[in-house]
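The block underneath contains the structure these notes are about, expressed in structure tokens.
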Number of protein chains: 2
Amino acid sequence: MAKSLIGNHVRKFRFHHDEMTQQQLADQVGVTRQTIVAIEKGNYSPSLELAFRIARVFGAPIEDIFFLEGEQ
Amino acid sequence: MAKSLIGNHVRKFRFHHDEMTQQQLADQVGVTRQTIVAIEKGNYSPSLELAFRIARVFGAPIEDIFFLEGEQ
DNA sequence: CCCACATGTAAAGTTTACTTGACTTATTGT
DNA sequence: ACAATAAGTCAAGTAAACTTTACATGTGGG
């Protein structure tokens, strides 16, 4: 099972955002905590919809938080 | 996750890009033509990875091409 | 009139995002 | 010492993205 080609700075954004916990972020975007863990660890990439919601929480464009590996 | 709440301007970008066909776009981003059709028609939203590749083809940020319905 | 091409649609199958639930470890506070 | 919280992990299941194949329709050119 290949890892996804998408990397992200969710963890950094979480800490720079009032030290928000995984659970709090999960609640705000409407997924489970395990989903946030999996995304932060790169186990898989989020759907576009979830990427949008995460970006909204952090008030940043999607491309500030997520990137194609090898493009960063 | 809720329903597909993602809209897009892929068709417009395709025509503003040298009248690129669905097949040409599909080839450039590495999916089948049916996937492009489904996305243009809103049958489902692309993965984040595919959204990135489409945005790259058009030289635009993801958020110029895709949007959360109700946010446009 | 043909033929090639662009687009739409649909069924069935594979892959992957996401959930549910349960357990573990480390840290912090009472 | 104990409880509570944050984070990691694993397994099994569901839902959605994507593929493959195939057929249908309209359009433009020779």
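Residue numbers start from 1 in every chain, and the chains themselves are labelled A, B, ... in the order their sequence lines are given, proteins ahead of strands.
Residue whose closest nucleotide on DNA chain D sits further toward the 5' end, between Arg14(A) and Pro46(B): Arg14(A). Between Ser47(B) and Arg11(B), the residue whose closest nucleotide on DNA chain C is further toward the 5' end is Arg11(B).
At the heavy-atom level, Thr32(B) lies under 4.0 Å from base atoms of the strands shown. Using a 4.0 Å heavy-atom distance criterion, Val31(B) is classed as a sugar-phosphate-only contact. Residue Thr35(B) is classed as a base contact, given a heavy-atom separation below 4.0 Å to a base.
Looking at Gln34(B), its side chain comes within 3.5 Å of the base of dT21(D) through a donor and an acceptor atom. If you check distances only, the side chain of Arg33(A) does reach the base of dA7(D) with a donor-acceptor pair under 3.5 Å.
Rounded to whole Å, the distance from CD1 on Ile6(A) to P on dT16(C) is 14 Å. Summarising the geometry, the separation between CZ on Phe66(A) and C1' on dA17(C) is reported as 13 Å, rounded to the nearest angstrom. Atoms OH (Tyr44(B)) and P (dA17(C)) sit 14 Å apart, rounded to a whole Å. dT16(C) atom P lies 15 Å from atom CG of Leu48(B), rounded to whole Å. dT20(D) atom C1' lies 13 Å from atom CD of Gln23(B), rounded to whole Å. Asn43(A) places its CG atom 13 Å from the P atom of dT16(C), with the value rounded to the nearest Å. Atoms CD (Glu49(B)) and P (dA17(C)) sit 8 Å apart, rounded to a whole Å. Here dT7(C) presents its C1' atom at 9 Å from NZ of Lys41(B), a figure rounded to the nearest Å.
Side-chain N/O atoms of Ser45(A) include one lying less than 4.0 angstrom from OP1 or OP2 on dA17(C). Phosphate proximity of dG8(D) to Gln22(A): present, with a side-chain N or O under 4.0 Å from OP1 or OP2. Arg53(A) has no side-chain polar atom (N or O) that falls below the 4.0 Å cut-off from OP1 or OP2 of dC18(C).
Side chain of Asn8(A) to backbone of Phe67(A): no donor-acceptor contact under 3.5 angstrom is found.
A salt bridge does not link Lys12(B) to Glu19(B): none of the charged side-chain nitrogens sits closer than 4.0 Å to a carboxylate oxygen.
For the atom pair Ser47(A) OG and Glu49(B) CD, the distance stands at 13.0 Å (nearest 0.5 Å). Atom-to-atom distance recorded for Phe13(A):CZ and Glu40(A):CD is 12.5 Å, nearest 0.5 angstrom. Put simply, CD on Gln23(A) and CD on Gln34(A) are 8.5 Å apart, with the number rounded to the nearest 0.5 Å.
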